[in-house]
Structures are given as structure tokens and as C-alpha cells.
Amino acid sequence: MAAEQTLAIIKPNAVKKNVIGKIIAMAEDIGLHMTAARMKTLSSDEAEGFYAEHRERPFFGSLSKFMTSGPVLLIVFEGDNAIEKWRKLMGATDPAKAAPGTIRKLYADSIEANSTHGSENKEAARREVGFFFLEEF
């Protein structure tokens, strides 16, 4: 059976803080392997398309604007239980509630500018990896 994949995004605030290497090292330390990566500044269409499931939520506009405010690093991590491992490493969405030593506790600025994204489940991971890395997988 192939190892599980998850999409990870290092968001604009974490890129600006120059902590990409630290975040990747944290992922590698828990057994995740980077199988694809691409740095880019998302267009409005890409950000809105990626977060389309949140279109009716009050934060949709500001989230889309934040995600287009600077470059992001899009990563496909692979490994046993990759989704669960990455989500645990990220920590709670609200950095004030995130466990010590998690990415969001260390590098997030707010609930919205929470430094990272991770796929919620296997279905989301397939969709999200395909959204940004269709040609690779």
C-alpha cells in the first residue's frame, strides 16, 4: 500500500518570517517526506477556488486576500498517517489554543494568519493535491 499524502501550505506570514526550513525540518522529524513542492503567489482565482467550500463564510474574502498577499510554499508530504501527523504538528487553528511546540503556536499571527494549512482527511488530500499538483500525480 502506498504511503498517505497530504497537502501542506506554508502561508504568506510564515514565508515572510523566513521559517520555511524550520517547518520542513519539523515535518521531517516526525517522518514525513516531501515529494513535491512549489513556491508561488496565488492568484485571486486560485485562492478563491481552493477555499471555495468556505465561500459563504464571513472570513472568505479576508482569507482569500491574505492567501494572495505574498508567496506560499505548496508541499505534498507523504508518509504513514501523513494527514494525522501533519495536522497534529500544525496545532489548533487558533494559535492561542495550539499546543506548545506546534507550528501554529510558534509561528501563527492569528486564526486566519495561522502559518500553515493541512488537508483535513483523505478525500480532501486527494482534491487539494490535485488542485496544485495535478500534473505530478
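Every value quoted in this text rests on a predicted model; they were computed, and no experiment measured them.
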For this session: Please report the C-alpha distance between Phe66 and Asn114 in whole Å, then the side-chain angles of each, then the deciding distance to 0.1 Å, and finally whether the side-chain contact (heavy atoms from CB on, under 4.5 Å) criterion is met.
Result: CA-CA 11 Å; Phe66 166 65; Asn114 61 16; 5.9 Å; no
So which atom in [X] and which in [Y] form the shortest heavy-atom distance, rounded to 0.1 Å?
X: Glu78; Y: Ala3; result: CG-CB, 3.5 Å
X: Gly70; Y: Pro12; result: O-CG, 3.7 Å
X: Ser119; Y: Ala125; result: OG-CA, 3.4 Å
X: Ala113; Y: Asn13; result: O-ND2, 2.9 Å

Exercise. To which residues is Ile23 joined in a hydrophobic cluster, defined by side-chain heavy-atom contacts under 4.5 Å among Ile, Leu, Val, Met, Phe, Trp and Tyr, whether direct or through other members?
Worked result: Ile10, Val15, Val19, Ile20, Ile24, Met26, Ile30, Leu32, Met34, Met39, Leu73, Ile75, Phe77, Trp86, Leu89, Met90, Ile103, Leu106, Tyr107
Over 12 non-hydrogen atoms of neighbours within 6.0 angstrom of [atom1] in [X]:
X: Glu53; atom1: CD; result: yes
X: Asp29; atom1: CG; result: yes
X: Asn121; atom1: CG; result: yes

Can you confirm whether [X] sits close enough to [Y] that some side-chain heavy atom of one is under 4.5 Å from a side-chain heavy atom of the other?
X: Lys17; Y: Asp109; result: yes
X: Glu48; Y: Arg55; result: yes
X: Met67; Y: His117; result: no
X: Phe59; Y: Ile111; result: no

Looking at [Y], is its backbone amide N or carbonyl O close enough to the side chain of [X] to form a donor-acceptor pair, meaning the two atoms are under 3.5 Å apart?
X: Glu4; Y: Ala82; value: yes
X: Ser64; Y: Gly61; value: no
X: Arg87; Y: Gly118; value: yes

To the closest 0.5 Å, what do you measure between [atom1] ([X]) and [atom2] ([Y])?
X: Arg104; Y: Ser110; atom1: CZ; atom2: OG; value: 11.0 Å
X: Arg126; Y: Thr6; atom1: CZ; atom2: OG1; value: 11.5 Å
X: Ile9; Y: Ser115; atom1: CD1; atom2: OG; value: 12.0 Å

For this session: Sequence neighbours left out, what passes side-chain contact (heavy atoms from CB on, under 4.5 Å) with Phe131? Give chain and number order.
Result: Phe50
Exercise. Hey, any chance Leu7 and Ile83 share a hydrophobic cluster, counting ILVMFWY side chains that come within less than 4.5 Å of each other, even indirectly?
Worked result: no
Exercise. If you look only at pairs with a residue in residues 7-16, which of them pass as a salt bridge (charged side-chain N to carboxylate O under 4.0 Å, His left out), with sequence neighbours excluded?
Worked result: none
